[in-house]
Amino acid sequence: MPNLSAIKGSSGFTEFGKFKGLASCNVEFLNQVRGLSALNGDLRDLPPKLKSYVEENVRLCQPETIHICDGTDVENSKLLKLMQQQGTIVPLPKYENCWLARTNPADTARVESKTFICTDTKSETIPSPKAGVKGALGNWMSPHDMDKAINERFTGCMRGRTMYIVPFSMGPVTSPLSKIGIEITDSPYVVASMRIMTRMGLPVLEKLLKGAEFVKCLHSVGTPSNGIIENPSWPCDPERTIILHRPKNNEIVSYGSGYGGNSLLGKKCFALRIGSTIARREGWLAEHMLILGITSPSGKKRYIAAAFPSACGKTNLAMMTPSLPGYKIECVGDDIAWMRFDKNGVLRAINPENGFFGVAPGTSRSSNPIAMDTIFKNTLFTNVASTSDGGVFWEGMEKEVSSNMEITDWRGNNWKMGQSKTPAAHPNSRFCTPAKQCPIIDPAWEHPEGVPISAILFGGRRPAGVPLVYEARNWNHGVFIGATMRSEATAAAEHKGKVVMHDPFAMRPFFGYNFGDYLSHWLSMKERSDNLPKIFHVNWFRKDANGKFLWPGFGENSRVLDWILRRLDNEDCARDTPIGLIPKENSLNLEGIEENIDVKELFDLPKQFWMEEVDSVAKYFDEQVGDDLPKEITKQLNELKKNVQSMKD
Ligand code: OXD
Ligand code: MN
């Protein structure tokens with residue numbers, strides 16, 4: 001049995017020396033590695049697939065050195081030191097082990113337009129849009145074009161750099177629901193972030209040695225074709241950035257960006273895009289959902305999964321401080337859920353991640369005190385503003401810094417509260433922080449069997465027409481509600497403005513395969529259980545005619561969860577409407593709420609709005625999904641149309 005003792009004994013660094021000039025030959029490569037030091041035995045013992053994956057990419061990328069990551073503290077400290085020397089991060093002395101990275105301003109968000117899924121045929125990846133319409137459900141690339149894109153960008157792209165080999169697990173290492181990945185990257189920032197966001201290092205290598213399969217994740221920040229790196233502290237190649245996925249080979253290739261979902265390949269690329277294709281093959285669900293545990297005043301605990309588009313408050317809901325007395329919320333995850341029916345038909349979920357990569361602006365003592373109690377140690381901040389006392393600042397923290405504090409914005413310029421015209425923190429600035437630091441992390445958050453899910457919520461930012469909460473009549477209706485989700489665009493990707501976009505299942509940027517097939521897969525889950533979770537739609541963001549939010553949100557959302565739990569207990573507190581079940585009059589607990597709530601307007605269903613909504617959904621399905629739309633979804637749409645037509649004006 002191979003062992004890792006040499007790596008374990010290496011005090012953190014597993015460097016395999018200088019590899020200049022050994023670009024071409026397999027045998028030579030391995031011989032050189034073997035000849036280097038006592039550590040070589042480990043490389044020799046690595047599973048053949050991993051060995052050849054590394055070897056293949058050394059040949060392609062031509063790094064100067066290789067570093068196999070063991071995930072230890074010693075290793076992490078060395079990487080942090082290196083990043084400081086390179087100017088990538090600065091320490092934040094106000095806190096314990098916290099760091100701030102400022103990116104190249106051209107590299108600040110996910111790039112959906114440059115993200116592709118590669119399959120033999122286009123229809124495996126995306127439904128065919130109607131003639132003359134631009135597809136909005138993902139981008140396809142042919143295998144030939146993918147190979148070409150890789151060769152054009154990756155050949156020699158790591159010259160002069162270290163290639164890090166990052167073994168990581170999505171999900172607890174011992175869980176049968178987890179999956180392993182290997183990220184090859186030339187970014188120490190990515191390594192340090194992956195160490196927070198995933199389980200990374202030796203325990204994963206051990207599992208690989210026992211024969212576990214892995215998803216291949218190749219990443220480079222890139223080198224522009226003219227060879228000039230404008231901002232050496234944050235190398236990237238924005239013009240040629242590309243994020244590629246080949247589901248057939250469980251393979252991800254990402255070039256040109258060091259930021260978030262573009263570079264931390266365990267997250268969106270693996271856990272959602274490749275994850276959803278594996279989930280389809282294996283009969284489970286990989287979803288863009290938070291997972292929370294909620295205990296009612298009677299002591300009964302349930303788990304809820306909720307899908308909201310990027311930057312719509314998943315982290316806030318997952319860490320909510322309930323305003324309703326007697327309720328307790330505990331957090332399992334804030335972004336991704338992998339869910340599978342067990343042999344008893346119970347839907348079990350794990351959070352495949354190990355940390356939170358949360359949007360910083362808007363997070364404050366008043367909006368999310370739990371997050372604020374989580375993030376001020378062992379955290380890597382990116383593109384937030386900094387304060388003269390060695391701390392951080394972003395929009396929403398105005399009451400949390402004294403007025404004489406000097407602030408430096410995310411670009412490194414002086415910034416004055418109330419005077420500067422640009423935001424202090426980039427709207428998509430982030431904290432990357434270990435989940436276990438969350439004071440309300442659920443005791444079962446790492447249970448290998450996952451937590452049992454009783455309800456699924458869909459939601460988005462809907463300023464008009466959509467009520468605070470409604471319940472699906474059954475599973476198929478719930479799938480339809482997920483399919484028709486829409487939300488105002490946010491800063492998480494490159495979209496601009498307040499346009500309301502279709503974002504089915506909050507997965508539009510993350511589908512790994514044809515959305516029509518994805519819908520069929522969801523519909524087929526019905527066969528797997530007699531005990532399906534109930535499905536709901538929520539909207540915390542409805543506004544009145546003056547543009548003021550009708551619902552206070554945050555901790556008050558516990559009132560909506562209370563109603564949902566009562567529905568799970570089959571309480572007779574719902575009434576049917578053309579769109580689904582909404583709370584019966586006075587059944588939403590508003591006791592003690594400070595605001596004046598216009599319940600009538602919150603639950604109003606304007607006929608005109610819903611007629612337009614039906615038309616917009618019908619147009620979207622027709623233009624974007626066409627023949628790939630499952631018949632059941634068409635049936636649900638016709639039913640909604642009929643119901644809406646029969647509404648009173
Ligand atoms: C995220 C996103 O970073 O959805 O979670 O963009
Ligand atoms: Mn997300």
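All values below come from the heavy atoms of this structure, side chains included, with hydrogens, waters and symmetry mates left out. As the structure lists them, so they are numbered: ligands from 1, and atoms in each ligand from 1.
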Ligand 1 to F510, heavy atom cutoff 4.0 Å, flagged ligand atoms 4 (O)

Salt-bridge test for E488 and R461: reply yes if a basic N is under 4.0 Å from a carboxylate O, no otherwise.
no

S310 heavy atoms within 4.0 Å reach ligand 1 at atoms 2 (C), 4 (O), 6 (O)

| query | Below 4.0 angstrom, N of the basic side chain to O of the carboxylate: do R153 and D237 qualify? | reply | no

Just checking: K268, one of its N/O/S atoms, less than 2.8 Å away from the Mn ion (ligand 2), yes or no?
yes

Report task. Go through the side-chain N and O atoms of R246 and T119 and say whether any donor and acceptor fall under 3.5 Å apart. Result -> no

Of all N, O or S atoms in D335, the one closest to the Mn ion (ligand 2) is OD1

Is there a polar contact between ligand 1 and R110, counting only N or O atoms under 3.5 Å apart? yes

Any salt bridge between E124 and K122, counting N to O under 4.0 Å?
-> no

A student checking ligand 1 against H288 at a 4.0 Å heavy-atom cut-off should list atoms 4 (O)

Going by the 4.0 angstrom heavy-atom rule, the piece of F356 near ligand 1 is neither

Worksheet item: Would you say the side-chain atoms of Y189 and S263 include a donor-acceptor pair closer than 3.5 Å?
Response: no

| query | In terms of side-chain heavy atoms, does H502 have a donor or acceptor partner in S616 at a distance below 3.5 Å? | reply | yes

Note to self: Check for me whether K268 has a heavy atom closer than 4.0 Å to any atom of ligand 1.
What the structure shows: yes

- Assess the pair F536 and F458: is the distance between their ring centroids shorter than 6.0 Å? no

Near D335 (heavy-atom distance under 4.0 Å), the atoms of ligand 1 are 5 (O)

